[in-house]
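Only heavy atoms go into these numbers, but all of them, side chains included; no hydrogens, no water, no symmetry mates. Quick caveat: nothing in here was measured; it's all calculated off a predicted structure. All residue numbers refer to positions in the sequence shown, counting from 1.
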Amino acid sequence: MNITLRQLHVFQSVAATRNFSRTGDAVGLTQPAVSRCITELEAQLGLKLLNRTTREVTLTDAGQRLSARLPRVLEELENTLLDVRELATQRRGRVRVASSPTLSANLMPDCIAECQRTLPGLELVLLDRIQSAVLASVLSGEVDFGVVIDPSEREALHCETILTEPFCLACPPGHRLAGKRQVRWTDLQGEALVLLDHDSGSRRLIDRALAEHGVACTVAQEVGHPTTIFRMLDAGLGISVIPTLALPPEGLARLAVRPLVPRVDREIMLVHRRHRALSPVAHAAWDLVKAVAVQRGRTGAGHKNGTKPAASAD
């Protein structure tokens, strides 16, 4: 049966008023439209609900039975729809988010703190993983969404860029490049580099930038976390190209950090499975992470240590 709510509401009003004109005024329809609704409802049910004459409208036995039960059914349906609609503004529940180590350390703590402050009914659960594992957990449905660096494969993902930031150079203060106000990519020629490994979302972008600028370097060490890079640079094992967000808020007291030119950016993105809508509570968490990242971009996070790009190279 193809019965509409409008048909049921019209019948309920006719049963109460026993008058097509008054029903039309009550539901905002013309008298012919009211008559058409009743005719269509009767056709769907396969029986008459009303006896109509020029002087009066009366209910048939079937009409009386429907009229007696319909108000309770419509009230139940309306309450159900109201309950479902309230989900759209729900801000309570647990949301699982996966992110790669640099983002887990330098972006997500602020997001979790903001969540606790502004959405106390929402629990943001963080899974700190390498980027390939983050993407796998998103695609498997283990987490609601992920925070990643510009994934190379996007076909199965819905992606939204929330922050763009440049790569910079980190080196010991006595290194020849530490004396420059900014460093060209070509200045890295022949240097020993300590880089994030290929499980990092940034490594593909760093390798591409080096190749595009024709820079040949020795990769002295490949590691999984920027903190390890900083310790290796302290030990004199080379220099590094790192994302600005990897810099700790307090700066690097024993290392020099310089902008690289031409500027090469990486995009930080929120991702979830394509064609799978976020729940309202997960969408609230998505919007919160996005807002924190946008604010981070506006305040120029990472410009400590002299990483803000200058106008020209030395």
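Annotation for L124 and A285: closest pair CD1-CB, 3.8 Å, computed over non-hydrogen atoms. Smallest separation of non-hydrogen atoms from L163 and G297: CD1-CA, 3.5 Å. For the pair R274 and L157, the tightest heavy-atom approach, listed with the atom from each and the gap, is NH2-O, 2.7 Å. In terms of heavy atoms, A220 sits closest to L237 at CB-O, 3.9 Å. Taking both residues in full, the closest heavy atoms of P101 and D128 are given as CA-OD1, 3.3 Å, listed atom of the first, atom of the second, then distance. The two residues A246 and N106 make their nearest non-hydrogen contact at CA-ND2, 3.8 Å.
The CD atom of E153 sits 13.0 Å away from the OG atom of S132 when rounded to the nearest 0.5 Å. Taken to the nearest 0.5 Å, the CZ atom of F20 stands 5.5 Å off from the CD1 atom of I38. Interatomic distance, CG of L103 versus OG of S100, reported as 4.0 Å (0.5 Å rounding). Atom-to-atom distance recorded for R52:CZ and S35:OG is 5.0 Å, nearest 0.5 angstrom. Rounded to the nearest 0.5 angstrom, Q221 CD and T228 OG1 are separated by 10.5 Å. Going from atom OG1 of T60 over to atom CZ of R65 covers 10.5 Å, rounded to the nearest 0.5 Å.
Using a 4.5 Å heavy-atom threshold, the side chains of S200 and I130 count as separate. Using a 4.5 Å heavy-atom cutoff, the side chains of V289 and L270 are in contact. The closest side-chain heavy-atom distance from V125 to V97 is not below 4.5 Å. Proximity of L196 to P226: side-chain heavy atoms (C-beta onward) are separated by under 4.5 Å at one or more points. You'll find the side chain of V271 stays beyond 4.5 Å of the side chain of V147, heavy atoms only.
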* Output, in order, the C-alpha distance, side-chain angles, deciding distance and verdict of salt bridge (Lys or Arg N to Asp or Glu O under 4.0 Å) for E75 and R72. => CA-CA 5 Å; E75 182 181 6; R72 188 179 77 253; over 6 Å; no
* Evaluate the criterion side chain to side chain contact (heavy atoms under 4.5 Å, CB included) for residue pair V194 and I239; output intermediate values, then yes/no. => CA-CA 6 Å; V194 180; I239 64 176; over 6 Å; no
* Given the rule in the side chain to side chain contact (heavy atoms under 4.5 Å, CB included) test, do R18 and E56 qualify, once you have shown the distances and angles that lead to the verdict? -> CA-CA 7 Å; R18 306 298 174 96; E56 63 178 354; over 6 Å; no
* Check against salt bridge (Lys or Arg N to Asp or Glu O under 4.0 Å), R96 and E123 -> CA-CA 8 Å; R96 294 168 65 85; E123 181 184 1; over 6 Å; no
* Asked: Given the rule in the side chain to side chain contact (heavy atoms under 4.5 Å, CB included) test, do L210 and L193 qualify, once you have shown the distances and angles that lead to the verdict?
  -> CA-CA 11 Å; L210 291 170; L193 298 183; 4.0 Å; yes
* To do: Evaluate the criterion side chain to side chain contact (heavy atoms under 4.5 Å, CB included) for residue pair V183 and V261; output intermediate values, then yes/no.
  => CA-CA 6 Å; V183 177; V261 292; over 6 Å; no
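The closest donor-acceptor contact from the side chain of H213 to the backbone of V215 lies at 3.5 Å or more, if one exists at all. Between the R94 side chain and the L122 main chain, no donor and acceptor come within less than 3.5 Å of each other.
The existence of a salt bridge linking E165 and R266 is confirmed by a sub-4.0 Å separation between a basic side-chain nitrogen and an acidic carboxylate oxygen. Salt-bridge check for E42 with R36: failed, with every basic side-chain N at 4.0 Å or more from each acidic carboxylate O.
Pairs of residues two or more places apart, or lying in two chains, that qualify as salt bridge (charged side-chain N to carboxylate O under 4.0 Å, His left out) and include a residue from residues 232-247 are R231-D234, D234-R254. The list of salt bridge (charged side-chain N to carboxylate O under 4.0 Å, His left out) pairs with a residue in residues 194-203, not counting sequence neighbours, reads R203-D207, R203-E222.
When the side-chain contact (heavy atoms from CB on, under 4.5 Å) test is applied to S137, the partners found at least two apart in sequence or on another chain are A98, R129, E142, V143.
Checked by atom type, the side-chain pair T164/E267 shows no donor-acceptor distance below 3.5 Å. Side-chain contact of E212 with W185: a donor-acceptor pair under 3.5 Å is absent, judged by distance alone.
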